[in-house]
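Below: one structure, written as structure tokens.
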Amino acid sequence: MALLNGVTAFRLENAPPLLEKPKVSFLIPLRNESSRIEILLKKLKGLTYPYLEIILLNDESTDETGKLLQEYSGAFFKYVNGKPLPPGWIGKSWACFQLSQIASGEVLLFCDADVEMSPKSVERTVAWMQSQNADAVTALPFQKMETVWEKAIIPFVMHLPILGLVPLRWVAALKNKSLVVANGQWFGIQKTAYEKVGGHESVKSSLLEDMDLAKNLVKEGSPVLPVVGVKDLEVRMYRSWKEIEEGFTKNLFYLAGGSLGGVVFVFCFSSILYFVPLTSLGLLGGLIFLRVICLWTFQSSWKTLLLHPVGLLGILWLLVRSSFAHYRQKIVWRGRKVIPT
């Protein structure tokens with residue numbers, strides 16, 4: 001499966017020519033992102049898509065985010081202050097919902113504040129949406145990893161499961177909820193399809209709002225197309241062990257199914273799949289082959305391969321930690337206590 005995906009997956013940079021040029025609303029929620037605003041605005045200013053409105057929402061930041069947005073606010077983007085988080089909502093879903101209410105585009109493109117995009121990334125996303133008749137397109141960016149912990153752990157979440165378990169090129173055509181791939185770092189969707197499924201209000205309490213929104217779309221017959229975007233998009237998810245621990249504690253439990261049985265299955269399956277080959281020379285060759293395909297597909301550092309044992313132990317520990325934290329309802333993200341319902 002990994003080899004098949006590495007060869008056949010749609011790539012953002014290979015997008016066909018645009019058939020039409022609908023208005024696109026480029027929507028970015030920001031919470032405590034003051035250190036990234038200058039780079040973000042520089043990238044946004046370089047976008048070449050002609051019919052584009054850019055809306056940035058300050059989601060109750062406690063740092064200088066709001067002040068900087070107000071200072072830089074100009075002709076090429078709109079800045080709004082988010083409203084207080086209502087009961088029953090998760091922060092990101094609430095921020096995205098508010099953005100969707102302001103947007104006037106035919107296509108909504110949700111993007112995280114830490115994503116760096118190429119000038120043609122928007123038009124290429126729209127082009128794939130048109131050429132494949134998809135109601136939504138989600139991209140898998142290049143994951144910038146600098147610390148040892150990033151290189152060791154992030155591939156176990158963002159690369160290996162996706163590449164090894166899901167036929168990326170055919171996901172949209174299959175329209176199967178169990179095969180959905182969605183990445184909230186870059187998620188474009190037709191506004192009509194978004195409204196049909198209830199938008200982010202339908203996933204307001206979800207910690208995996210991107211996946212659950214995509215499942216709602218597929219349930220209604222709307223294809224969701226995943227593309228590999230490593231040449232057009234770059235993101236650094238976490239910058240330290242503390243950020244990795246907080247981030248994956250928040251969502252690993254639900255990535256494993258959100259139940260004790262799911263966690264036990266994923267723990268055992270991952271242990272067998274990624275540890276047992278280390279005990280056999282023949283099996284080790286297969287594991288190395290899998291990791292090399294991932295390196296090639298996602299343009300990762302070869303050091304991620306060498307750090308495989310560290311990453312495996314780290315991700316198993318984080319899975320257990322995430323499970324205990326969820327059962328004890330002790331999840332904190334960006335300074336907010338999170339209690340999903």
Side-chain angles (χ1 to χ4, degrees), residues 1-2 4-5 90 138 140 143 145 149-168 171 174 176-185 203 205-215 218 226 237-238 241 243-280 283-284 286-291 293-294 297-298 300 304-305 307-331 333 338 340-341:
M1 181 65 76
L4 179 70
N5 283 328
I90 298 296
T138 189
L140 306 172
Q143 297 290 334
M145 300 173 277
W149 290 114
E150 290 171 84
K151 292 184 175 94
I153 291 173
I154 287 177
F156 279 90
V157 180
M158 301 303 296
H159 293 165
L160 291 165
I162 295 171
L163 203 67
L165 298 175
V166 183
L168 294 175
V171 162
L174 291 170
N176 187 317
K177 289 195 300 179
S178 65
L179 296 176
V180 161
V181 174
N183 182 12
Q185 294 170 340
V203 294
S205 62
S206 172
L207 284 173
L208 297 177
E209 83 293 330
D210 48 3
M211 290 289 291
D212 288 336
L213 181 58
K215 288 177 181 179
V218 171
M237 293 176 61
Y238 307 120
W241 167 254
E243 289 188 8
I244 289 173
E245 189 176 53
E246 185 177 90
F248 287 140
T249 294
K250 173 175 68 75
N251 57 26
L252 276 182
F253 175 72
Y254 284 100
L255 284 172
S259 67
L260 179 60
V263 169
V264 171
F265 173 79
V266 171
F267 187 97
C268 295
F269 180 79
S270 299
S271 300
I272 294 170
L273 182 65
Y274 297 128
F275 176 74
V276 171
L278 301 178
T279 66
S280 165
L283 293 175
L284 181 60
L287 178 62
I288 292 174
F289 183 60
L290 170 63
R291 294 301 307 249
I293 295 171
C294 284
T297 304
F298 294 111
S300 304
T304 61
L305 171 58
L307 290 167
H308 178 89
V310 176
L312 175 58
L313 293 175
I315 201 66
L316 293 177
W317 155 246
L318 289 170
L319 178 59
V320 173
R321 188 179 193 275
S322 178
S323 303
F324 276 105
H326 277 276
Y327 278 113
R328 296 168 64 190
Q329 293 194 334
K330 291 189 175 182
I331 306 295
W333 179 243
V338 178
T341 58

Discussion item. With rounding to the nearest 0.5 angstrom, report the CZ to OH distance, F156 to Y274.
Written reply: 6.5 Å
Discussion item. Tell me whether T279 contacts the main-chain N or O of V276 through its side chain, where contact means a donor paired with an acceptor under 3.5 Å.
Written reply: yes
Response to the item:
The reported gap from CG in L312 to CG in L307 (rounded to nearest 0.5 angstrom) is 12.5 Å
Response to the item:
The reported gap from CG in L207 to CD1 in I90 (rounded to nearest 0.5 angstrom) is 4.5 Å
Worksheet item: Passes side chain to side chain contact (heavy atoms under 4.5 Å, CB included), L260 versus S323? Steps please.
Response: CA-CA 8 Å; L260 179 60; S323 303; over 6 Å; no
Fill in: Student check: side-chain heavy atoms of I153 and Y238 closer than 4.5 Å
no
Worksheet item: For the atom pair CZ (R291) and CG (L163), what is the distance rounded to the nearest 0.5 Å?
Response: 11.0 Å
Worksheet item: Under the ring-ring contact (aromatic ring centres under 6.0 Å, His included) test, which residues partner F269, sequence neighbours left out?
Response: F265
Fill in: Close side-chain approach of D210 and T138, heavy atoms under 4.5 Å
no
Item to complete: Kindly compute the distance separating OG1 (T304) from CD1 (I154), expressed to the nearest 0.5 Å.
Response: 11.0 Å
Item to complete: Side-chain contact test, heavy atoms from C-beta onward, threshold under 4.5 Å: evaluate it for V203 versus M211 and give yes or no.
Response: no
Practice prompt. Decide yes or no for L168 and V181: does some side-chain heavy atom of the first lie under 4.5 Å from some side-chain heavy atom of the second?
Written response: yes
Worksheet item: Do H326 side-chain atoms and Y254 backbone N/O form a donor-acceptor pair below 3.5 Å?
Response: no
Worksheet entry | Any side-chain heavy-atom pair of S300 and Q143 under 4.5 Å | no
Fill in: Smallest separation among heavy atoms of P155 and P161, with atom names
O-CD, 4.0 Å
Item to complete: Could you tell me whether the side chain of N5 reaches within less than 4.5 Å of the side chain of T297, counting heavy atoms only?
Response: no
Table please: side-chain donor-acceptor pairs of residues 315-322 below 3.5 Å, with sequence neighbours left out.
residue, atom, partner, partner atom, Å
R321, NE, E245, OE2, 3.3
R321, NH1, T249, OG1, 2.7
S322, OG, T249, O, 2.7
S322, OG, F253, N, 2.9

Worksheet item: Is there a side-chain contact between V157 and L255, using heavy atoms and a 4.5 Å cut-off?
Response: yes
Worksheet item: Quick one: side-chain hydrogen bond (donor to acceptor under 3.5 Å, both in side chains) partners of N183, sequence neighbours excluded?
Response: Q185
Practice prompt. Enter the distance from M1:CE to I293:CD1 here, rounded to the nearest 0.5 Å.
Written response: 12.0 Å
Discussion item. Do M237 and M158 have side chains that approach each other closer than 4.5 Å (heavy atoms only, starting at C-beta)?
Written reply: yes
Item to complete: Could you walk me through whether V171 and V180 pass the side chain to side chain contact (heavy atoms under 4.5 Å, CB included) test, one step at a time?
Response: CA-CA 7 Å; V171 162; V180 161; 5.7 Å; no
